[in-house]
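Heavy-atom basis, side chains included; hydrogens, waters and symmetry copies ignored. Sequence lines set the chain letters: A, B, ... in the order given, protein chains first and strands last, and positions in each chain run from 1.
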Number of protein chains: 2
Amino acid sequence: MDKKIYEMHAEICKTLANPKRLEIIDALRDGEKNVSELASTAKINQANISQHLTILRQKNIVSTRRDGSHIYYKLAYPEMIKACEIIRDVLQKQLAGNTRLSKRVK
Amino acid sequence: MDKKIYEMHAEICKTLANPKRLEIIDALRDGEKNVSELASTAKINQANISQHLTILRQKNIVSTRRDGSHIYYKLAYPEMIKACEIIRDVLQKQLAGNTRLSKRVK
DNA sequence: TTAGCACATTCGAATATGCTAATATTTAAA
DNA sequence: TTTAAATATTAGCATATTCGAATGTGCTAA
């Protein structure tokens, strides 16, 4: 039925389910950056960031543009940021909830 | 620095990165359901849905309430639905984009 | 107390993922 | 055309995930 949709949705989530890729997405929030800029911002080694960028590009979450010997990456769908924000808000609430719980437990 | 946030965020995404769990979340959109209701809605066998529910509960994405021999699950943070919707919108755009591209390629 | 649902847990095999190190490709400039 | 910088790709290992089968636990009704 909708199974296919859930699978594709899960694929996107799987792509987002990595701290380095989330950091890359966050770094692209305000516009494009090339690979070495991203690598130094997120402190990820060259091969590894390239692998993550390849995955993000394959899943059509980022798009690229070449400028000389540099390749610039940007978010293909900037509204993705909003989804990330919602999840981080939930995360904040979860953490706040734990604190309240911890206090109550004492 | 923020690395910890990205890791926790990734944990949530990882929890969402499974088609069955997404279907369960979707099934809880309009309110709580017990395990067998969820199992029949999503056509997932008993052991397996229980495993997925355990994961969702551990990650504090759903919460539970017992009523006799039944256990009811609901979304702990219903705003999670909104994040899912955004991602599905992006998915739609991606698919639409591919179609346009396919046409252009012809 | 026992029988029988409703649900959870454990185990093992198959598969997927992330990382590092090494190597390759592309481009620009000398 | 050689060299160096920017980026990509590959190989291989370690770790994680998913699933079904089997088994365990909690609740209710008789």
Side-chain angles (χ1 to χ4, degrees), chain A residues 3-4 6-28 32-76, chain B residues 3-25 27-28 32-76:
Chain A
K3 299 282 183 192
K4 206 68 197 172
Y6 293 121
E7 278 171 32
M8 291 187 295
H9 185 164
E11 277 302 306
I12 295 182
C13 289
K14 196 184 297 182
T15 310
L16 301 179
N18 175 284
K20 297 187 181 176
R21 290 197 290 271
L22 288 173
E23 186 164 6
I24 291 169
I25 288 170
D26 219 41
L28 294 176
E32 62 178 17
K33 282 195 173 61
N34 65 41
V35 180
S36 19
E37 286 170 340
L38 287 169
S40 69
T41 299
K43 299 203 182 61
I44 304 176
N45 73 52
Q46 189 274 317
N48 195 211
I49 202 162
S50 185
Q51 288 167 342
H52 285 302
L53 289 169
T54 298
I55 291 169
L56 289 168
R57 186 162 27 94
Q58 280 171 347
K59 298 304 176 59
N60 194 20
I61 287 175
V62 300
S63 60
T64 59
R65 150 180 100 75
R66 158 158 257 150
D67 178 19
S69 60
H70 292 258
I71 295 183
Y72 283 84
Y73 282 78
K74 69 173 179 188
L75 294 176
Chain B
K3 299 282 183 192
K4 205 69 197 169
I5 295 290
Y6 293 120
E7 279 171 31
M8 291 188 295
H9 186 164
E11 277 302 307
I12 295 182
C13 289
K14 196 184 299 181
T15 309
L16 302 179
N18 175 285
K20 298 186 181 176
R21 289 197 291 270
L22 288 173
E23 186 165 6
I24 290 169
I25 288 170
L28 294 176
E32 63 178 18
K33 283 194 171 64
N34 65 41
V35 180
S36 17
E37 286 171 339
L38 287 169
S40 69
T41 299
K43 300 203 180 62
I44 304 175
N45 74 49
Q46 189 274 315
N48 196 212
I49 201 161
S50 185
Q51 288 168 342
H52 285 302
L53 288 169
T54 298
I55 291 169
L56 288 168
R57 186 162 29 92
Q58 280 172 349
K59 298 304 175 59
N60 193 21
I61 287 175
V62 300
S63 61
T64 59
R65 153 181 100 75
R66 158 158 257 151
D67 177 20
S69 60
H70 292 258
I71 295 184
Y72 283 84
Y73 281 78
K74 69 173 178 187
L75 294 176

message: Tell me whether the side-chain N or O atoms of A:Gln51 pair up with the base of D:dT10 as donor and acceptor below 3.5 Å, since no angle test is needed here.
response: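 Indeed, a donor on one side and an acceptor on the other fall under 3.5 Å apart.
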task: Look at the side chain of A:Gln46 against the base of D:dA8 and say whether a donor-acceptor pair falls under 3.5 Å; ignore hydrogens and angles.
output: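 Answer yes: a donor N or O sits under 3.5 Å from an acceptor.
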Hey, does the side chain of [X] come within less than 4.0 Å of [N]'s phosphate (OP1/OP2), counting only N and O?
{"X": "B:Tyr73", "N": "C:dA8", "answer": "yes"}
{"X": "A:Lys14", "N": "D:dT17", "answer": "no"}
{"X": "B:His52", "N": "D:dC19", "answer": "yes"}
{"X": "B:Arg66", "N": "C:dC7", "answer": "no"}
{"X": "A:His70", "N": "C:dT27", "answer": "no"}
{"X": "A:Ser36", "N": "D:dT7", "answer": "yes"}
{"X": "A:Ser69", "N": "D:dA6", "answer": "no"}

- request: For B:Tyr6 and A:Asp26, test the side chains for any donor-to-acceptor distance below 3.5 angstrom and give the result as yes or no.
  value: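 Yes, side-chain donor-acceptor contact under 3.5 Å.
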message: Please find the pair of heavy atoms, one from B:Thr41 and one from B:Lys33, that lie closest to each other, and give the distance.
response: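 Heavy-atom minimum between the residues: OG1-CE, 4.2 Å.
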Side chain of [X]: nearest nucleotide among [options]?
{"X": "A:Ala47", "options": "C:dT26, D:dT9, C:dT9", "answer": "D:dT9"}
{"X": "A:Arg57", "options": "C:dA8, C:dT27, D:dA8", "answer": "D:dA8"}
{"X": "B:Asn45", "options": "D:dA8, D:dG20, C:dC7", "answer": "D:dG20"}

Rounding to a whole Å, what distance do you find between [X]:[atom1] and [N]:[atom2]?
{"X": "B:Asp67", "N": "C:dC5", "atom1": "CG", "atom2": "P", "result": "19 Å"}
{"X": "B:Leu56", "N": "C:dT9", "atom1": "CG", "atom2": "P", "result": "13 Å"}
{"X": "A:Ile71", "N": "D:dA5", "atom1": "CD1", "atom2": "P", "result": "18 Å"}
{"X": "A:Ile55", "N": "D:dA8", "atom1": "CD1", "atom2": "C1'", "result": "13 Å"}
{"X": "A:Arg65", "N": "D:dA6", "atom1": "CZ", "atom2": "P", "result": "16 Å"}
{"X": "A:Asn18", "N": "D:dT15", "atom1": "CG", "atom2": "C1'", "result": "14 Å"}
{"X": "B:Tyr72", "N": "D:dG26", "atom1": "OH", "atom2": "P", "result": "20 Å"}
{"X": "A:Asn48", "N": "D:dT9", "atom1": "CG", "atom2": "P", "result": "14 Å"}

- prompt: Mind checking what makes salt bridge (Lys or Arg N to Asp or Glu O under 4.0 Å) contact with A:Lys14, not counting sequence neighbours?
  reply: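 Expected list: A:Glu11.
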Atom pairs under 3.5 Å: protein N/O with N/O of nucleotides 12-14 of chain D:
none

field: Spatial distance of atom CZ (A:Arg21) from atom CD1 (A:Ile24) [nearest 0.5 Å]
entry: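 These two atoms lie 8.0 Å from each other.
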- request: Enter the distance from B:Leu56:CG to B:Leu38:CG here, rounded to the nearest 0.5 Å.
  value: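 One gets 10.0 Å once the value is rounded to the nearest 0.5 Å.
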Any donor-acceptor N/O pair, A:Ser50 side chain to A:Gln46 backbone, under 3.5 Å: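 Absent.
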task: Indicate, with a heavy-atom threshold strictly under 4.0 Å, whether B:Thr54 touches base, sugar-phosphate, or nothing.
output: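 Sugar-phosphate: the residue B:Thr54, judged by heavy atoms under 4.0 Å, touches backbone atoms but no base.
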- prompt: Are A:Lys4 and A:Glu7 within salt-bridge range, i.e. N to O under 4.0 Å?
  reply: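 A salt bridge is present here (some side-chain N lies under 4.0 Å from a carboxylate O).
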query: Between A:Leu28 and A:Ile25, is any pair of side-chain heavy atoms under 4.5 Å apart?
result: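 Heavy-atom side-chain distance check fails, nothing below 4.5 Å.
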